[in-house]
*Asks:* 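The structure under discussion is supplied below as structure tokens; questions concerning it will follow.
Order of listing sets the numbers, starting from 1, for every ligand and every atom in it.
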Amino acid sequence: MHELYTVLAEYYDTIYGERVERVKGEIDFVEEIFREDAEREIKRVLDLACGTGVPTLELAMRGYEVVGLDLHEEMLTVAKEKAKVRGLNVRFIQGDALDINFENEFDAVTMFFSSITYFNDSVIQQLFNSVKSALRPGGVFVADFPCGFYGGSNGPTVWDEKKGDERLIITDWREVEPAFQKLHFKRLVQIIKPDRSIRAVFVDDELNIYTPREMRLLAEKYFSEVRIYGNMHRGLKPKEGRYWLVAIKRP
Ligand SMILES: C[S@@+](CC[C@H](N)C(=O)[O-])C[C@H]1O[C@@H](n2cnc3c(N)ncnc32)[C@H](O)[C@@H]1O
């Protein structure tokens with residue numbers, strides 16, 4: 001469980017190389033949400049489940065005061081090293097997003113790249129409650145999550161990446177349990193060393209599938225205003241591959 005964030009943490013940015021390239025566009029969109037949806041100026045941001053800091057550091061580069069929190073120390077080690085190399089001052093905290101205990105400290109809380117789907121519908125309420133406490137009045141919670149029922153193939157999808165003199169062969173597939181709205185995200189990462197020896201790591205994570213309506217209804221119990229946007233635009237079309245939850249804590 002969670003091998004992607006422990007033994008594979010140092011390979012995370014390589015595995016998601018394409019997404020790393022896309023993150024500037026994601027943060028452009030999030031800044032639009034900060035400007036148009038939040039009801040206060042956004043200066044201080046808590047990035048929950050920050051991982052290796054891909055979005056966290058982009059926010060910091062743009063001048064936000066950012067705190068990143070993640071369950072896995074291995075991910076934070078990578079994030080801290082990148083912050084050091086880039087000369088960015090970001091506070092990283094190891095912890096469970098469910099146990100956060102902040103009161104009125106942040107203008108925005110973010111949770112990127114499907115991290116919110118690690119939380120099932122009973123614990124997600126605890127998460128919403130803690131996020132609401134962490135936010136200042138007028139602040140906004142932003143989290144993106146995938147459409148679990150999209151019509152594409154369940155895989156396998158295979159691609160390769162390079163990290164230094166190592167080559168990675170990544171094979172992904174997924175199994176959906178529609179009755180339980182669970183997505184089993186499976187991945188085999190084969191790391192080919194320069195001497196052609198191979199190290200293989202298997203990832204098998206269980207994620208929760210939320211429809212936009214379910215996410216909105218759950219969040220509405222905690223936030224005065226909840227909007228679900230499609231991918232990278234402040235609207236919703238019938239066939240979106242990804243959704244963005246935008247929940248506002250009214251002053
Ligand atoms: C798909 S990664 C996303 C990382 C980062 N947000 C990004 O956009 O690249 C999911 C992250 O959620 C973290 N995570 C999973 N469960 C968590 C929890 N209960 N509390 C905090 N972080 C958690 C994992 O350690 C991992 O770094």
*Asks:* Taking only non-hydrogen atoms of Ser114, do any sit less than 4.0 angstrom from ligand 1?
*Replies:* no

*Asks:* Among Val123, Leu76, Asp70, Leu71, which one has a heavy atom closest to atom 13 (C) of ligand 1?
*Replies:* Asp70

*Asks:* Checking one residue: Ile192. Which other hydrophobic residues are in its cluster under the side-chain 4.5 Å linking rule?
*Replies:* Val158, Ile169, Ile198

*Asks:* Are Glu58 and Arg62 ion-paired here, with the side-chain N under 4.0 Å from a carboxylate O?
*Replies:* yes

*Asks:* For Tyr229, what residues pass the ring-ring contact (aromatic ring centres under 6.0 Å, His included) criterion, not counting sequence neighbours?
*Replies:* none

*Asks:* Indicate the atoms forming the closest heavy-atom contact of Glu41 with Asp107, along with that distance.
*Replies:* O-CG, 3.5 Å

*Asks:* Looking at Met75, which atoms of ligand 1 are within less than 4.0 Å of one of its heavy atoms?
*Replies:* 27 (O)

*Asks:* Among all protein heavy atoms, pick out the one at the shortest distance from atom 6 (N) of ligand 1; state its residue, atom name and that distance to 0.1 Å.
*Replies:* Ala49 O, 2.7 Å

*Asks:* Please indicate whether any nitrogen or oxygen in Ala97 is less than 3.5 Å from any nitrogen or oxygen in ligand 1.
*Replies:* yes

*Asks:* Applying a strict 4.0 Å limit to heavy atoms, is Tyr12 in contact with ligand 1?
*Replies:* yes

*Asks:* Looking only at distances, please establish whether an N/O atom of ligand 1 is found under 3.5 Å from an N/O atom of Tyr118.
*Replies:* no

*Asks:* Near Phe119, which atoms of ligand 1 are under 4.0 Å from a heavy atom of that residue?
*Replies:* 18 (C), 19 (N)

*Asks:* Tell me the protein heavy atom at minimum distance from atom 1 (C) of ligand 1, and give that distance in Å.
*Replies:* Tyr5 OH, 3.3 Å

*Asks:* Please indicate whether Asp160 has more than 12 foreign heavy atoms, meaning atoms of other residues, nucleotides or ligands, lying under 6.0 Å from its CG.
*Replies:* yes

*Asks:* With heavy-atom distances below 4.0 Å as the criterion, list the atoms of ligand 1 near Gly95.
*Replies:* 20 (N), 21 (C)

*Asks:* How close does the nearest protein non-hydrogen atom get to atom 7 (C) of ligand 1, and which residue and atom is it?
*Replies:* Arg19 NH1, 3.2 Å

*Asks:* Asp96 heavy atoms, cut-off 4.0 Å: which ligand 1 atoms fall inside?
*Replies:* 18 (C), 19 (N), 20 (N)

